[in-house]
Amino acid sequence: MTERTLIVGSASAILLAACVLPLLWPLIGLATGGRGVDLGLIADPALWSLLARTLVVTAAVLALALGIGLPMAVLVARTDVIGRGAVLVLHAFPALLPPLLPALGWFHLLGRQGLIGNEASTAILFSEAGVVLTLGLALAPIVTALTALALWNIDPSQEEAARVTAAPGRVATRILLPAARPAIALAGIVVAALALSEVGVPTFLRARTYAAAVFARLGGVDFAPAEALLLALPVLALTAMLLVAERWTAGGRSFATLGLRSFRKAPMALGPWRAPASLFCWLVAALSAAPVAALAWRAGWDGFAELPLWIGNGVSNSLLPAALAATVIAIVAIPVGHGLARRDRVTAGLDIVAFAAFVAPPALLGVGLVALWNRPETGWLYGSWLIIALGYVGRYAAIGVRAFAAACAQLPATIEDAARVFGVGYGSRLARIVVPLHARAFIGVWLLTLLFCLRDLETATLFYPPGQEPLPIRIFTLEANGPETVVAALACVQAALSAIAVALVLPLLGARAAR
């Protein structure tokens, strides 16, 4: 018990510093009345109308992302579609960028002066429908990745038994997807949270959203963190609803599907359906890559030629804090995610805290970090890229914890119980049983959180040290003030940076077998 207390306590301390304390500071300001805070603001009918419209857009984005991501996950993870490894890489492109950049790519493609744009396409793009289509395509790879990771871990015995008498479609809907339900629930929550808190895409496409109203209280001249927290309270209430929905989705059933043959299985043959399934996958991949291709076209030779003059230290400023944050999150996710999968109350509480920090407006978290660490005695932290890494840990810890918990839910608890009977301690069980059996899930957690950190735009905007802005923030700044060709070229660098990370890690996740 002492060993477990030490390990879980250390993880709790990290989450306390990164998630809880930054959110408590605006809460204290609200409790004490704030500075000029108008408590009647929350009763404004226009505000609730804006929230309702934002929820409709969020629901549409979620439906589109699930509609694309779930069939893509089954096809690339468990079937013999043509070139599924390449399809997965191309499909992942929008998830590697801040959503604002795919929106910019679609503008260069479908805008009035775009490659194939006209008045009708421009009107659709600059509307709530354009927000739904842009965010849905950009966030669908998250559903694909998380579901595919769960499908890779499933023991094929049930699948093979079903394939004796059932068609591939029934095997997918009755065996594979139900077994991956925790990962699908996680993907849905992540997509809904990201769509709900997105500021860049609606602002660029001239659509008003609730998240933009909160950001205006923090990122503008009228700086009012207490009012921002007041506006965020309905969002936090929605967080509780999402958590209840996720718990209801998982229910009390077991998802233990990991077996000795989980990592040695042949893809499911689609037979006559292979050609249309492959066509669907490649069409989705083409739609995913289209905005990046449009950005490359807009950059042209001139944009890439001028790149050294504008890029500065953007690449290293992105990689260093992202890699450190991903490593910390992956380590914290081991005890917390494992405990969450085993329905431990302490780790369930930590998960709620991390999830609240993820769903809360990112700028609210940023203001809390500024208030906590912008002091002379902590200047060594606040004045370096370490503060950016701390902000990433606070924002994306929930992603790593939930992803690893979804993997641990597939491991039968009897394996660990047998080790406990023979006196194996908590730390040894984690190190010698849980992590080795979920090695690919652990690497996947690290990669997933790395990509989220690399693409982050809103979190570090308020507190990055001078001259150490990550590449997405540099692109966002230049988008308003710099040459379009250079902005497009920097966006291509951002995509290439994350694509290289994916290409390096995919073989460890089983992508070689997929090819």
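Since we're looking at a predicted model, the values are computed, not measured. Here, residue 1 is the first one in the sequence, and each next residue gets the next number.
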Nearest heavy-atom pair of [X] and [Y]: which atoms, and what distance?
X: Ala323; Y: Thr327; value: O-OG1, 2.8 Å
X: Ala103; Y: Val201; value: CB-CG2, 4.2 Å
X: Ala73; Y: Ala148; value: CB-N, 3.8 Å
X: Ala330; Y: Phe442; value: O-CE1, 3.4 Å
X: Ala488; Y: Ala299; value: CB-N, 3.7 Å
X: Gly200; Y: Leu100; value: O-CD1, 3.7 Å

Can you measure from [atom1] ([X]) to [atom2] ([Y]) and round to the nearest 0.5 angstrom?
X: Tyr382; Y: Ile388; atom1: OH; atom2: CD1; value: 10.5 Å
X: Leu21; Y: Leu372; atom1: CG; atom2: CG; value: 5.5 Å
X: Ile399; Y: Phe404; atom1: CD1; atom2: CZ; value: 15.5 Å
X: Ser288; Y: Ile68; atom1: OG; atom2: CD1; value: 7.5 Å
X: Ile331; Y: Ile7; atom1: CD1; atom2: CD1; value: 12.0 Å
X: Ile82; Y: Leu279; atom1: CD1; atom2: CG; value: 9.5 Å

Using modelled atom types and a 3.5 Å cut-off, is there a donor and acceptor pairing between side-chain atoms of [X] and backbone atoms of [Y]?
X: Thr147; Y: Ile184; result: no
X: Ser384; Y: Leu381; result: yes
X: Thr54; Y: Tyr210; result: yes
X: Thr144; Y: Met72; result: no
X: Thr122; Y: Arg112; result: yes
X: Thr378; Y: Trp373; result: yes
X: Glu469; Y: Asn317; result: no
X: Trp385; Y: Ser316; result: no

With a 4.5 Å cut-off on side-chain heavy atoms, are [Y] and [X] touching?
X: Leu490; Y: Leu307; answer: yes
X: Val20; Y: Leu15; answer: no
X: Ser318; Y: Arg474; answer: no
X: His108; Y: Leu295; answer: yes
X: Trp380; Y: Leu386; answer: yes
X: Val87; Y: Val81; answer: no
X: Cys453; Y: Arg395; answer: no
X: Phe452; Y: Ile142; answer: yes

Could you tell me how the ring of Phe107 sits relative to the ring of Phe126: parallel (under 30°), tilted (30 to 60°) or perpendicular (over 60°)?
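Phe107 vs Phe126 ring planes: perpendicular.
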Apply side chain to side chain contact (heavy atoms under 4.5 Å, CB included) to the pair Val190 and Leu194, showing each step before the final yes or no.
CA-CA 6 Å; Val190 170; Leu194 290 176; 3.9 Å; yes
Start with the C-alpha gap between Gln468 and Asn313, add the side-chain angles, then the distance that decides, and say whether side chain to side chain contact (heavy atoms under 4.5 Å, CB included) holds.
CA-CA 7 Å; Gln468 298 188 43; Asn313 297 322; over 6 Å; no
Show your reasoning for whether side chain to side chain contact (heavy atoms under 4.5 Å, CB included) applies to Thr58 and Glu198.
CA-CA 10 Å; Thr58 300; Glu198 176 63 29; over 6 Å; no
Distance alone, cut at 3.5 Å: any donor-acceptor contact between the side chains of Tyr396 and Asp456?
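Looking only at side-chain atoms, Asp456 and Tyr396 do form a donor-acceptor pair, the distance falling under 3.5 Å.
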Please assess Ile473 against Leu457 for the test side chain to side chain contact (heavy atoms under 4.5 Å, CB included), listing each intermediate value before the final yes or no.
CA-CA 6 Å; Ile473 296 178; Leu457 175 61; 4.2 Å; yes
Arg53: which residues meet the salt bridge (Lys or Arg N to Asp or Glu O under 4.0 Å) condition with it, sequence neighbours left out?
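Checked Arg53 against salt bridge (Lys or Arg N to Asp or Glu O under 4.0 Å); matches are Glu128.
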May I ask you to check whether over 12 heavy atoms, not counting those of Phe476, lie within 6.0 Å of atom CZ?
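12 or below, so no.
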